[in-house]
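One structure is given below, encoded as structure tokens.
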Amino acid sequence: DDDNVLHIGGIFPIGGEGGWQGGQACEPAANLALEDVNKRKDLLPGFTLKLHWNDSECEPGLGASVMYNLLYNKPQKLMLLAGCSTVCTTVAEAAKMWNLVVLCYGASSPALSDRNRFPTLFRTHPSATVHNPTRIKLMERFGWSRVAILQQAEEVFISTVEDLEARCKDKGIEIVTRQSFLSDPSDAVRNLRRQDARIIVGLFYVVAARRVLCEMFRQELYGKQYVWFFIGWYEDNWFEVNLEKEGIECTKEEMRIAAEGHITTEALMWNQNNQRTISGMTSEDFRERLNDVLRKSGYDIDHLRYPEGYQEAPLAYDAVWSVALAFNKTMSRLHRHGKTLKNFTYTDKEIADDIYSAINSTQFLGVSGIVAFSSQGDRIALTQIEQVIDGKYVKLGYYDTQMDNLTWLDRERWIGGKVPQDRTIVRRVL
Ligand SMILES: CC1(C)CO[C@@H](CC(=O)O)CN1
């Protein structure tokens with residue numbers, strides 16, 4: 001009967017075209033976590049956690065209607081899970097009216113780090129700004145204090161660049177130019193050349209990245225005098241695929257030449273070592289179980305046919321564990337007043353505050369690494385640095401921003417055999 005079920009709502013981006021259909025792998029991952037937490041007798045003794053969800057197609061409008069259906073229909077929900085940045089923005093802005101915590105497993109937008117607009121938002125997906133301290137750390141390591149920025153005119157990149165500019169200013173790194181483009185990067189790349197940019201941070205989605213790369217080749221803004229920072233979450237062979245389909249006028253060989261040597265930064269979403277996590281699994285155990293589930297629903301995993309959101313699946317799995325652990329903490333607190341979470345109503349600010357403080361103090365080792373939130377509800381995460389060497393991504397190291405600890409593997413290679421300069425060196429012949 002319903003007395004021993006704790007209900008939560010979920011919004012997953014599955015269908016549709018635009019944005020990120022990461023719910024395809026994240027919903028199965030969330031389900032695995034529900035199975036696991038409900039198997040444990042010590043987490044929610046006497047209760048079962050149940051997830052009621054629907055598809056947002058990564059559309060904020062559809063996401064909002066899914067949320068209203070979840071909230072205006074019984075049973076009463078205790079929390080909401082959401083995916084895409086646009087849907088999470090809409091849901092988290094509205095959820096405070098129902099005193100609901102919103103936990104986003106797939107939202108990277110820096111705009112979400114705002115306790116005024118989103119007082120009850122937490123996310124297991126790191127903000128896109130998590131790359132910036134890593135980029136700066138590398139600039140300092142290689143002595144680059146004069147850099148340029150090339151970005152696509154999209155909200156997530158605009159707010160990421162604002163954060164990067166502020167951090168560069170703090171560290172005395174000069175931004176010699178900031179170029180942006182909507183979809184054709186040729187003028188922006190030409191302006192980089194005019195300003196003699198050598199160290200360039202590029203922020204764009206993968207389709208725009210292919211256009212930039214071909215433009216770099218044509219304008220010869222690549223090779224031993226240049227270092228490009230790209231985003232690390234594109235698929236590994238992104239610079240060799242879809243060229244005809246997207247009207248890219250460079251050959252595969254030209255794209256490879258332009259791509260050789262570029263650096264990438266990305267947030268770590270799969271725990272790197274073989275430690276047993278809170279679920280008892282290592283992250284590789286989790287990968288095996290998820291692959292089995294995905295094979296059964298028709299994905300040809302063994303021929304690398306993954307659903308969208310596979311990379312982020314650990315974030316969804318750990319989001320459900322965060323909910324279960326927060327409810328466990330809240331339950332024992334309420335128990336002292338003879339209450340349970342079943343007493344929660346959408347107007348019950350007191351229990352809502354209990355749930356908020358329980359999730360706020362989350363700290364556990366999940367399959368996505370240590371799960372903990374900043375005061376803004378942001379995921380605290382490690383980043384990984386890679387470089388394309390002979391056409392393949394090679395791990396160069398990891399960075400822990402909190403501890404300011406860079407683990408460096410000394411594998412980097414520079415086309416000219418030495419670290420590129422950030423400017424033209426004028427040698428005065430005396
Ligand atoms: C790393 C990426 C692809 C960034 O966008 C996230 C989706 C979003 O922010 O809407 C999913 N994860």
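Order of listing sets the numbers, starting from 1, for every ligand and every atom in it. Since the structure is predicted, the reported quantities are computational estimates derived from the model, not experimental observations. Atoms considered below: every heavy atom in the structure, side chains included; atoms not considered: hydrogens, waters and symmetry mates.
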Exercise. Just go through H125, E308, E266, E312 and tell me whose heavy atom is the nearest to atom 3 (C) of ligand 1.
Key: E312
Self-check item: Nearest candidate to atom 1 (C) of ligand 1, where distance is taken over non-hydrogen atoms, out of W233, Y205, Y105
Solution: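 Nearest option to atom 1 (C) of ligand 1, by heavy atoms: W233.
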Self-check item: Cation over ring face, R115 and F122, 6.0 Å, 45°
Solution: yes
Practice problem: Could you list the atoms of ligand 1 found under 4.0 angstrom from a heavy atom of C84? | Solution: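 Listed by number with element, the hits are 10 (O).
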Self-check item: For A107, atoms of ligand 1 separated by under 4.0 Å from a heavy atom
Solution: 9 (O)
Self-check item: Donor-acceptor contact below 3.5 Å, side chain R411 vs main chain K395
Solution: yes
Quiz item: With no hydrogens and no angle check, is any side-chain donor or acceptor of N38 less than 3.5 Å from a backbone partner on L34?
Solution: yes
Quiz item: What's the shortest distance from atom 10 (O) of ligand 1 to any protein heavy atom, and which residue and atom give it?
Solution: S85 N, 2.8 Å
Quiz prompt | Nearest-neighbour protein heavy atom for atom 7 (C) of ligand 1, which is reported as residue plus atom name and distance | solution = G106 O, 3.0 Å
Quiz item: Quick one: does S108 get an N or O within less than 3.5 Å of an N or O on ligand 1?
Solution: yes
For [Y] together with [X], are the ring centres under 6.0 Å from each other?
X: Y234; Y: F204; value: no
X: H7; Y: F47; value: no
X: F344; Y: W98; value: no

